[in-house]
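Here is the structure we will look at.
By convention in this document, chain letters (A, B, ...) are assigned in the order of the sequence lines, proteins followed by strands, and residues within each chain are numbered from 1.
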Amino acid sequence: MTKVRVPSGAGESRGPLGLLLVAVPVFLLGWMTVWPILSGLVTTLFPKDAAGFSLELYDRFFSDDYSLDNLRLTLWTCGVTSLILLAVSVPLALYLRFARGPLASYVQTLAMFPMFVPSIILAFAFIRVLGPNGTVDTILNALGLAKIRSPYLTVWGPVIGLVWDNIPLTVLILTSGLGAVPNPAIEAARDVGARPLTLFVHIILPRMWSSIFVVISLTILGLFTAFTLPYVLGPASPEMMGPFMQRTFSDLRNPEMALTQATIVMGFCILFGLFYVRSVARNRRD
Amino acid sequence: MARLTLNALGKTFGTTTAVAAFSLDVKDGELVCLLGPSGSGKSTLLRMVGGFETPTSGEVLIDGEVVTRTPPERRPTAMVFQSHALWTHMNVFGNIAFGLRIRRLPKAEIASRVGRVLALVGLEGYGKRQTNQLSGGQQQRVAIARALVLEPKILLLDEPFASLDQHLRERLREEVRDIQHRLGITTLFVTHGQDEALSLADRIVVLKEGRAEQVGAPAEVYRSPATPFVAGFIGSMNRLPGSVEAGRFRHGALELPLEGVPDGPAELAVRPEHLVVRAAPGGGAASLRRLTDYGTHRIIDLETSEGARLKAQVADGADLPQGPGLQLEPTAWAVFRNDQVIARSPA
Ligand SMILES: Nc1ncnc2c1ncn2[C@@H]1O[C@H](COP(=O)(O)OP(=O)(O)O)[C@@H](O)[C@H]1O
Ligand SMILES: [Mg+2]
């Protein structure tokens with residue numbers, strides 16, 4: 001590791017201007033992140049009806065089957081989406097790392113494409129293609145084949161949409177992780193007799209773990225709070241935490257409960273956030 | 001053991017020709033150095049032998065068997081890369097044992113073979129070390145051990161010591177020479193350092209722009225360079241432009257008798273140690289500029305009356321007069337015209 005050393009001259013200019021530059025982000029962080037967290041905790045742990053500290057709101061959430069189902073569905077979606085995402089992105093990243101030529105750059109562009117498509121457009125494209133009487137349905141029908149059971153409005157709807165939406169970032173992070181494996185290290189392995197599978201398992205994968213962990217934690221952080229795709233593509237019940245919070249807040253007009261749900265989601269996110277920080281730290285150390 | 005034959009081997013990348021119709025026969029147990037400036041196609045040539053690059057023409061034979069399209073994992077060759085080739089997530093033992101484990105050898109045999117090869121490269125007891133706890137020289141030793149443990153027929157080294165300092169480079173060079181002698185393994189060694197090639201090789205191939213300029217034993221390449229490029233690339237060489245007139249090479253007051261050479265422009269090549277410098281009381285061909293003492297020898301810088309700069313190796317030099325008044329006598333030399341040797345000093 002290289003240590004960054006501040007040149008001694010910089011110390012003098014680190015006066016008011018430096019502080020001012022730091023002050024803006026620190027203020028924003030406090031205002032937009034720390035304050036809401038504290039306020040959320042205080043509001044939910046000291047509810048209006050209780051005369052002080054009370055776990056009543058959390059108790060209500062964790063004893064309500066519907067709420068628990070929603071939490072479970074969210075966790076399930078996170079798990080399944082991450083697995084499918086890796087199954088799709090790891091081969092893609094490997095291909096982009098090792099393939100050369102015009103086809104590879106074409107695939108690269110295609111893999112990054114979802115990044116520039118807003119979720120809402122993605123959702124409607126999904127409905128047009130995979131929904132009832134969508135393209136796939138029509139084609140199957142024209143060929144005289146059975147109707148598919150559309151994933152639209154089932155738990156698989158959000159999974160498919162979220163996988164598609166998350167491919168670019170995942171592929172980016174994984175390819176940059178793969179970039180850390182030097183070519184001579186790979187050629188040396190082939191030289192001593194490693195076939196592609198051995199090469200992947202014993203030489204490439206061990207250097208990829210940390211970027212896989214980073215990807216999983218980042219994806220899960222995003223999935224917990226995903227709204228558009230679960231809302232448009234997912235089932236009405238059970239629903240994922242994103243739409244659930246929104247509905248509790250505006251349809252059921254129960255901001256206190258919505259805040260409780262949000263705090264619980266935040267708890268999970270902090271868990272994965274710590275996981276992320278640890279992977280990054282380990283990455284740095286290597 | 002093994003013979004390596006390269007038949008009109010060629011490789012082009014798009015419009016660049018990296019290697020052009022290169023042929024070479026490496027005898028069993030021979031150490032051949034590929035020597036040339038950066039970009040001359042040394043690595044490409046070596047990588048084609050190792051199977052990392054597919055030739056666009058020609059073929060590679062090992063013991064008479066064509067392996068031109070065999071992938072590296074099935075070739076009886078082993079390569080030592082310049083750097084960054086160790087697997088940092090494995091310790092030293094793991095790095096060396098990997099190839100043996102792929103071959104599913106019994107544990108005890110793996111351990112004994114790794115132990116033996118570690119001893120060979122002077123790293124006994126280093127098996128448990130992580131690779132990042134090793135110095136650059138030790139890392140390259142591990143890379144050599146890893147290549148040797150599989151008992152390859154051909155050992156390939158691509159500037160293995162280029163990133164190490166001078167002293168270490170010299171020591172490892174000797175060790176490689178020792179090991180190569182002891183095992184009698186056929187070896188191709190790529191380097192851009194002429195001293196490395198001269199001290200290691202049984203034969204040197206001097207490459208320029210993907211072609212062999214000269215193939216020969218170190219002494220031959222050094223004493224009788226076939227082209228001005230070889231003359232200039234190996235060792236230090238003075239080159240004097242001049243002309244041949246009536247059987248004599250002339251550069252100002254410097255004259256050399258040549259036999260059977262047609263008149264025309266020519267270039268004289270003479271090494272500093274083959275240039276005798278004497279004081280000429282009546283005025284001579286060159287004047288003294290500077291004297292540098294290298295401890296083992298002294299070099300004087302000269303300027304001829306025609307304005308050409310020369311170096312000469314002298315025993316003392318303190319006795320030489322300042323100013324014009326030096327006489328030059330080449331004892332071994334070559335005369336080139338159009339990149340060809342047209343005359344050489346009698347052996
Ligand atoms: N993968 C490649 N793609 C394109 N050109 C290459 C590639 N590898 C080598 N070359 C070109 O081939 C020539 C020889 O390169 P190389 O064999 O690496 O030379 P050396 O090892 O003697 O420095 C150079 O001009 C280099 O730019
Ligand atoms: Mg090279």
Side-chain angles (χ1 to χ4, degrees), chain A residues 1-3 90 93-95 97-106 173-216 278-286, chain B residues 13-14 43 46-47 49-53 70-91 94-105 114 117 130-132 139-140 142-152 154-160 163:
Chain A
M1 285 250 49
T2 51
K3 274 200 191 113
V90 169
L94 284 172
Y95 172 78
R97 165 72 173 77
F98 295 109
R100 286 178 217 163
L103 185 64
S105 37
Y106 201 69
I173 295 175
L174 290 182
T175 359
S176 87
L178 277 172
V181 191
N183 277 329
I186 289 163
E187 292 185 336
R190 296 189 61 198
D191 201 37
V192 300
R195 310 247 165 138
L197 188 65
T198 322
L199 191 65
F200 178 67
V201 173
H202 292 282
I203 305 295
I204 296 174
L205 203 53
R207 309 280 290 262
M208 256 181 108
W209 279 127
S210 33
S211 45
I212 288 181
F213 286 137
V214 167
V215 154
I216 291 186
R278 237 195 52 178
S279 326
V280 170
R282 203 171 40 188
N283 232 350
R284 288 264 176 85
R285 216 178 40 224
D286 285 348
Chain B
F13 294 102
S43 295
L46 200 73
R47 291 168 57 78
V49 178
F52 298 107
E53 233 43 277
T70 314
E73 54 265 33
R74 287 196 271 119
R75 275 194 203 201
T77 56
M79 182 120 153
V80 177
F81 296 82
Q82 182 172 337
S83 56
H84 301 302
L86 294 184
W87 305 306
T88 49
H89 60 282
M90 299 180 190
N91 62 14
N95 266 274
I96 300 174
F98 186 60
L100 301 171
R101 286 184 175 142
I102 289 177
R103 287 164 180 71
R104 299 190 190 288
L105 263 63
V114 173
V117 76
Q130 288 303 313
T131 55
N132 57 11
Q139 290 182 4
Q140 285 311 72
V142 173
I144 292 171
R146 183 175 68 184
L148 290 175
V149 78
L150 296 170
E151 296 171 3
I154 315 273
L155 181 63
L156 308 168
L157 303 104
D158 191 356
E159 310 202 22
S163 55

Around atom CZ of B:F13, are there more than 12 heavy atoms from other residues, nucleotides or ligands closer than 6.0 Å? yes
On a heavy-atom basis, which atom in B:L86 and which in A:A185 lie closest, and how many Å separate them? O-CB, 4.3 Å
Please report all inter-chain donor-acceptor pairs (under 3.5 Å) between chain A and chain B, with distances to 0.1 Å.
residue	atom	partner	partner atom	Å
A:A185	O	B:W87	NE1	2.7
A:E187	OE1	B:R47	NH1	2.7
A:E187	OE2	B:R47	NH1	3.3
A:E187	OE2	B:R47	NH2	2.8
A:R190	O	B:E73	N	3.4
A:R190	NE	B:E73	OE1	3.2
A:R190	NH2	B:E73	OE1	3.2
A:D191	OD2	B:M79	N	2.5
A:V192	O	B:R103	NH1	2.7
A:V192	O	B:R103	NH2	3.3
A:H202	O	B:H89	NE2	2.7
A:R207	NH1	B:T88	OG1	3.0

Tell me, please, which residues at least two apart from A:A99 pass side-chain contact (heavy atoms from CB on, under 4.5 Å). A:Y95, A:A104
Give the minimum heavy-atom separation between B:A85 and A:A188, together with the two atoms involved. O-CB, 3.9 Å
